[in-house]
Amino acid sequence: MTRMLSVQHPDDPAIAEAAALLQAGELVAFPTETVYGLGANAFSAEAVARIFTAKGRPSTDPLIVHISDLDMLPAVIDDLTPLAEALAPLWPAPLTLVLPRGSRIPPNVSAGLPTVGVRMPAHPIALALIRAAGVPIAAPSANRFAHTSPTTAHHVYADLNGKIALILDGGETQVGVESSIVDCTTQPPRLLRPGGVTAETLRRFAPDLVIAEWYATESNVPLPAPGMLLKHYAPDAPLILFEGTDQAVREAIQRHADERVARGQTVGLLLAEEDLPHLFFPADQGRMVHVISLGSLHDLAGIARQLYAGLRAMEAAGVSVVLARSYPALGAGLAVRDRLIRAAAGNVITLPNA
Ligand code: TXA
Ligand code: MG
């Protein structure tokens, strides 16, 4: 059985308890500002191996190492590249830097790569936990492999109950999508995964940053970054993503929904608030159509915050298919669009302009 402890403050006694478990090689899920992480002592190959087992994660998918203070960095990496020096002042932040791996970090953390992803999370509970443990903490998102990432302790429980020692419940996460990952070992630097720090912000610190937009399938190797499989972050129901003008997207979603309902399917619509007045379903179809609004198109950060809970709610509703709108690739929208393309596993319908 997995225990769940609520933590409100960085000095909550639950943190010392969680830190003791980490020191003993156990797994602890904890909140960060992005999504919940599944932590293990990053210096211990045995503890790290347990992460892969608990998640059902392939050993070829590297983990991110979390630090609480810059003092910890020399124990994790081999060399701070000039680019990393330019970006590290953003920490603590939803930002992971890929750097040469230090010798104290066992190879299984990085799936055998000579590099390691490192990040200092901007969450008081996460920072307090790492400090109390006194070691860097390797932590992937605390979901079963390839499932939607958890933004609440309840999401973690649903995926990992019985497989880990403890979940620290620090409430809903604020950013809602994972950290941005920048490979600092290449010239020019590459954004391997868009995330909580926008590309616009990153470019202020690294002007030549390249966005590695590349969606890999199992047959389409080598991957742009390990672990960047196309089918990832996916809900259990199939998802179809619609891209195009607002009007074209709304009309196409209405038409697809009508056709499926006519065939007796239940349909989930993952929309923005502004879409709602444009879609219409007769009252007798109400039970066939589940509509979730992620928020306003004018608040893409708000959409990012709601995204994963929306995907999980669709699963809970038991719909046979989810029809989702896409978002502009600007600001927080870049990460939202990336996660939706992956959740759709390539099932993207690009609509012509009207
Ligand atoms: O926001 C986050 O980053 C969350 C929280 C818990 O911190 N963590 C997270 O971890 O999203 P995870 O395991 O779900 O994603 C890790 C991904 C890998 O799949 C891979 O794409 C990339 O980070 N990664 C890690 N180490 C890498 C490396 N050495 N080189 C290239 N990519 C790496
Ligand atoms: Mg993950």
Go through Glu274 and Arg250 one step at a time and tell me if the salt bridge (charged side-chain N to carboxylate O under 4.0 Å, His left out) criterion holds. CA-CA 10 Å; Glu274 287 84 353; Arg250 288 163 189 158; 6.0 Å; no
Are there more than 12 heavy atoms of other residues, nucleotides or ligands under 6.0 Å from atom CZ of Arg287? no
Give me the atom names and distance for the closest heavy-atom approach of Val116 to Val65. CG2-CG2, 3.7 Å
Assess the residue pair Leu191 and Ile181 against the criterion (side chain to side chain contact (heavy atoms under 4.5 Å, CB included)); give the C-alpha distance rounded to whole Å, side-chain angles, the decisive distance to 0.1 Å, and a yes or no. CA-CA 6 Å; Leu191 180 64; Ile181 304 179; 5.8 Å; no
Nearest heavy-atom approach of Leu311 to Leu270 is CD2-CD2, 3.7 Å
Between CG of Leu5 and CG of Leu166, what distance do you get to the nearest 0.5 Å? 5.0 Å
Indicate yes or no: does Glu172 engage Arg305 in a salt bridge with an N to O separation below 4.0 Å. no
Nearest 0.5 Å, what's the CD1-CG distance between Ile349 and Leu351? 7.0 Å
Electrostatic pair Arg193-Asp338, nearest N-O below 4.0 angstrom: no
Note, Val321 side chain near Gln265 side chain (heavy atom, < 4.5 Å): yes
Establish, from distance only, whether the side-chain atoms of His147 and Asp159 form a donor-acceptor pair under 3.5 Å. yes
Would you kindly say whether His298 and Glu273 are connected by a side-chain donor-acceptor distance under 3.5 Å? no
Atom of Ala257, atom of Leu323 and distance for their closest heavy-atom approach: N-CD1, 3.7 Å
Check step by step if side-chain hydrogen bond (donor to acceptor under 3.5 Å, both in side chains) holds for Gln8 and Asp12. CA-CA 7 Å; Gln8 313 298 338; Asp12 194 303; over 6 Å; no
Leu95 versus Val182: any side-chain heavy-atom pair under 4.5 Å? yes
Non-hydrogen side-chain atoms of Pro121 and Leu127 separated by less than 4.5 Å: yes
Are Ser179 and Thr34 close enough that a side-chain donor and a side-chain acceptor fall under 3.5 Å? no
Exercise: do Glu178 and Ser141 side chains pair donor with acceptor under 3.5 Å: no
Side chain proximity check, Ile77 to Arg101, heavy atoms < 4.5 angstrom: no
Non-hydrogen side-chain atoms of Asn143 and Val156 separated by less than 4.5 Å: no
I'd like to know whether Arg119 forms a side-chain hydrogen bond (donor to acceptor under 3.5 Å, both in side chains) with Thr32, so could you lay out the CA-CA distance, the side-chain angles of the two residues, the decisive distance to 0.1 Å, and finally the verdict. CA-CA 11 Å; Arg119 110 169 172 97; Thr32 81; 3.1 Å; yes
Count the heavy atoms of every other residue, nucleotide or ligand shown that sit under 6.0 Å from NE2 of His290, and state whether that count exceeds 12. yes
For His9, I'd like to know if atom NE2 has over 12 heavy atoms of other residues, nucleotides or ligands within 6.0 Å. no
Can you find a pair of side-chain heavy atoms, one from Leu239 and one from Leu241, that are under 4.5 Å apart? yes
Say you draw a straight line from OG1 of Thr53 to CD1 of Ile164; how long is it, rounded to the nearest 0.5 Å? 13.0 Å
Smallest heavy-atom separation, Ile51 atom then Pro140 atom, equals CG2-CG, 3.4 Å
Quick check: does any side chain N or O of Glu33 sit under 3.5 Å from a backbone N or O of Ala122, one acting as donor and the other as acceptor? yes
How about Leu99 and Asp79: do any of their side-chain heavy atoms sit closer than 4.5 Å? no
Taking the six-membered ring of Tyr327 as reference, does the NZ or CZ atom of Arg325 fall below 6.0 Å from its centre and within a 45° cone about the axis? yes
Are Asp208 and Arg190 ion-paired here, with the side-chain N under 4.0 Å from a carboxylate O? no
Is there side-chain contact between Phe242 and His256, with heavy atoms separated by less than 4.5 Å? yes
